Enquirer: 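Before anything else, here's the structure in question.
Because the structure is predicted, anything quoted here is derived from the model rather than measured. We name chains A, B, ... by the order of the sequence lines, and we start the count at 1 in each one.
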There are 2 protein chains.
Amino acid sequence: MKISSKGEYALRALLVLGQHEGKVLSIADISDKTLVPISYLEQILLQLKMLGHVKSKRGSRGGYSLRTNPADVNIGDVIRRLEGPLAPMGCASITSYEPCILEPTCLLKPLWTRIRDTVAQILEETTLADLLDRRFSR
Amino acid sequence: MKISSKGEYALRALLVLGQHEGKVLSIADISDKTLVPISYLEQILLQLKMLGHVKSKRGSRGGYSLRTNPADVNIGDVIRRLEGPLAPMGCASITSYEPCILEPTCLLKPLWTRIRDTVAQILEETTLADLLDRRFSR
DNA sequence: CTGAATCCTTACTAAATCACTCAAGATGAT
DNA sequence: ATCATCTTGAGTGATTTAGTAAGGATTCAG
Ligand code: FES
Ligand code: FES
């Protein structure tokens with residue numbers, strides 16, 4: 001049930017950008033503040049950019065900044081698109097459902113479904129702004 | 001946030017044993033009913049035995065059966081001991097806490113803690129008997 | 001008593017994933 | 001033009017996952 005370091009690092013980066021909203025921070029700056037290795041962080045920021053959460057400015061004095069308001073960054077969405085479905089099993093996933101062999105008679109599926117629903121609810125109710133303000137589920 | 005096949009297989013095996021309470025089932029029988037490869041299942045049942053959830057009988061006509069009442073088998077405990085902590089990060093784990101570098105100022109920890117608490121609550125409130133009866137969190 | 005059925009133990013491994021690192025190119029500010 | 005920065009794509013060592021394989025130990029049936 002672990003979250004990978006990639007997801008964790010992405011959120012750290014978003015938090016730092018959120019704490020300096022409006023400013024443009026270089027990858028090196030973000031790396032300093034998040035303790036994420038520069039060259040790994042590069043890849044992660046690239047992905048966050050593709051997901052539309054962040055924008056970049058190239059060239060000297062360039063860097064990254066948030067593309068949207070922190071209140072519009074959905075944490076569940078970030079994690080799901082960065083490291084895959086929130087459900088603990090394919091058969092319980094809504095966004096990337098995959099059938100199980102034993103599904104028709106499976107006694108476990110309701111459990112997995114309940115876990116996925118609960119986790120998804122927490123994560124999807126939380127925005128970057130909530131985290132920045134130490135406030136949860138609105 | 002995935003659950004590994006080992007945990008899934010262990011629960012499947014326990015469910016089959018629970019559905020035939022009192023009887024002794026051979027590994028081959030359990031493998032047939034769970035679709036878990038025999039030689040992998042051996043290892044898993046061995047672990048379940050060490051955890052005290054199951055007992056074995058050797059020799060001809062031997063096999064496995066539940067050691068305790070299904071109502072006494074805590075699903076959270078099974079999963080945790082078979083595949084590690086329920087928390088999504090070390091710093092949010094109660095049973096195997098590990099510090100994070102950024103912990104003092106970390107804005108994420110409350111989120112991880114909340115996820116771990118919720119997941120743990122669901123899993124620890126559920127027993128094998130609940131699953132067998134398609135009933136949850138009593 | 002013997003042999004077959006079964007669990008037990010240990011060792012091994014192919015494939016996937018993770019957590020990066022590295023090198024070279026593109027772009028923009030000065 | 002130069003330098004700081006992002007961009008792109010490939011490469012890699014460590015770890016985990018999901019098993020397989022081989023042989024030994026124990027019990028029961030006949
Ligand atoms: S775990 Fe997917 S249907 Fe049972
Ligand atoms: S994630 Fe562990 S303290 Fe922030």
Enquirer: I'd like to know if Ile44(A) and Ile38(A) are part of one continuous hydrophobic network [Ile/Leu/Val/Met/Phe/Trp/Tyr, side-chain heavy atoms within less than 4.5 Å].
Expert: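 Cluster IDs for Ile38(A) and Ile44(A) match.
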Enquirer: Look at Ser60(A) and dC3(D) and indicate whether a side-chain polar atom (N or O) is within less than 4.0 Å of OP1 or OP2.
Expert: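 For Ser60(A), the contact criterion (side-chain N or O under 4.0 Å from OP1 or OP2 of dC3(D)) is not met.
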Enquirer: Quick one: Leu45(B) CG to dC8(C) C1', roughly how many Å, whole number?
Expert: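 Going from CG in Leu45(B) over to C1' in dC8(C) covers 12 Å.
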Enquirer: On DNA chain C, check which nucleotide each of Ile3(A) and Ser56(B) is closest to and give me the residue with the more 5' one.
Expert: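 Here Ser56(B) is the residue nearer the 5' end.
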Enquirer: In whole Å, what is the span from the CG atom of Leu41(A) to the P atom of dT21(C)?
Expert: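 Roughly 11 Å, once rounded to whole Å.
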Enquirer: Specify the closest pair of heavy atoms between Leu15(A) and Leu132(A), including all atoms of both residues, with the distance to one decimal.
Expert: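 For Leu15(A) and Leu132(A), the tightest heavy-atom pair comes out as O-CD2, 3.6 Å.
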Enquirer: How many whole angstroms separate atom CG of Leu17(B) from atom P of dC7(C)?
Expert: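 In whole Å, dC7(C) P lies 11 Å from Leu17(B) CG.
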Enquirer: Could you work out which one of dT9(C), dC28(D), dC20(C) sits closest to the side chain of Leu46(B)?
Expert: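 Shortest atom-to-atom distance from the side chain points to dT9(C).
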Enquirer: It should be established whether Tyr64(A) places a side-chain nitrogen or oxygen under 4.0 Å from OP1 or OP2 of nucleotide dT7(D).
Expert: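 True: Tyr64(A) side-chain N/O within range (under 4.0 Å) of dT7(D) OP1/OP2.
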Enquirer: Is there a side-chain polar atom (N or O) of Lys49(B) under 4.0 Å from OP1 or OP2 of dC8(C)?
Expert: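 Answer is yes, contact under 4.0 Å.
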Enquirer: Counting just side-chain N and O atoms, does Tyr9(A) come under 4.0 Å of either OP1 or OP2 of dC20(C)?
Expert: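 Yes, such a contact exists.
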Enquirer: Can you measure Arg58(B) atom CZ to dG3(C) atom P for me and round it to whole angstrom units?
Expert: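 Interatomic distance, CZ of Arg58(B) to P of dG3(C): 20 Å.
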Enquirer: If I take atom NZ in residue Lys2(A) and atom P in nucleotide dT17(D), what distance separates them, rounded to the nearest angstrom?
Expert: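 My rounded result for the distance is 11 Å.
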Enquirer: What is the distance from CD1 of Ile38(B) to C1' of dA5(C), rounded to the nearest Å?
Expert: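 Distance, rounded to whole Å: 12 Å.
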Enquirer: Does a side-chain N or O from Ser39(A) land closer than 4.0 Å to OP1 or OP2 of dC22(C), or not?
Expert: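 Answer no for this pair, as no side-chain N or O of Ser39(A) is under 4.0 Å from OP1 or OP2.
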Enquirer: If you look at every heavy atom in His53(B) and Val73(B), which pair is closest and at what distance?
Expert: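 His53(B) and Val73(B) have their closest heavy atoms at CD2-CG1, 3.9 Å.
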Enquirer: Side chain of Lys2(B), backbone of Ala87(A): donor and acceptor closer than 3.5 Å?
Expert: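 Answer holds: yes.
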Enquirer: Of the nucleotides dG24(D), dC6(D), dA29(D), which has the atom closest to the Arg61(B) side chain?
Expert: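 In terms of side-chain proximity for Arg61(B), the closest of dG24(D), dC6(D), dA29(D) is dA29(D).
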Enquirer: On DNA chain D, nearest-nucleotide positions of Met50(A) versus Ser4(B): which is more 5'?
Expert: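 Its nearest nucleotide lies further toward 5', so the answer is Met50(A).
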Enquirer: So, are Lys33(A) and Asp29(A) salt-bridged, with charged N and O less than 4.0 Å apart?
Expert: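 Salt bridge between Lys33(A) and Asp29(A), a charged N being under 4.0 Å from a carboxylate O: no.
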Enquirer: For Tyr40(A) and dA14(D), what is the distance between atoms OH and C1' respectively, to the nearest whole Å?
Expert: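 Spelled out: OH on Tyr40(A) to C1' on dA14(D) is 13 Å.
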Enquirer: Using C1' atoms of five pairs at each end, report the bend of the helix from dC1(C)-dG30(D) to dT30(C)-dA1(D) rounded to 10 degrees.
Expert: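 Rounded value for the end-axis angle: 10°.
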Enquirer: Taking the side chain as every heavy atom from C-beta outward, state whether Leu66(A) and Leu128(A) have any atom pair closer than 4.5 Å.
Expert: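 Leu66(A) vs Leu128(A): side chains touch.
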Enquirer: Determine whether any donor atom in the side chain of Gln43(B) lies under 3.5 Å from an acceptor atom in the base of dT20(D), or the reverse, and answer yes or no.
Expert: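 It does, because a donor-acceptor pair links the side chain of Gln43(B) to the base of dT20(D) below 3.5 Å.
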Enquirer: How is Ile27(B) classified with respect to the nucleic acid when contacts are heavy atoms under 4.0 Å: base, sugar-phosphate, or nothing?
Expert: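 Sugar-phosphate contact only - Ile27(B) comes under 4.0 Å of backbone atoms but never of a base.
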Enquirer: Hey, does the side-chain of Glu42(B) have a donor or acceptor N/O within less than 3.5 Å of a partner on the base of dT10(C)?
Expert: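 No such pair is found, so the answer is no.
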Enquirer: Categorize Gly62(A) for me: base, sugar-phosphate, or nothing, with a 4.0 angstrom heavy-atom threshold over every strand shown.
Expert: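 Result for Gly62(A) = sugar-phosphate.
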Enquirer: Hey, does the side chain of Glu103(A) reach the backbone of Cys100(A) with a donor-acceptor pair shorter than 3.5 angstrom?
Expert: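 At least one qualifying donor-acceptor pair exists.
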Enquirer: Starting at atom CD1 of Ile101(B), determine the distance to atom P of dA19(C), rounded to an integer number of angstrom.
Expert: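 The distance from CD1 of Ile101(B) to P of dA19(C) comes to 13 Å, rounded to the nearest Å.
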Enquirer: Carefully, step by step, assess Glu98(B) and Cys91(B) under the rule side-chain contact (heavy atoms from CB on, under 4.5 Å).
Expert: CA-CA 5 Å; Glu98(B) 270 184 85; Cys91(B) 64; over 6 Å; no
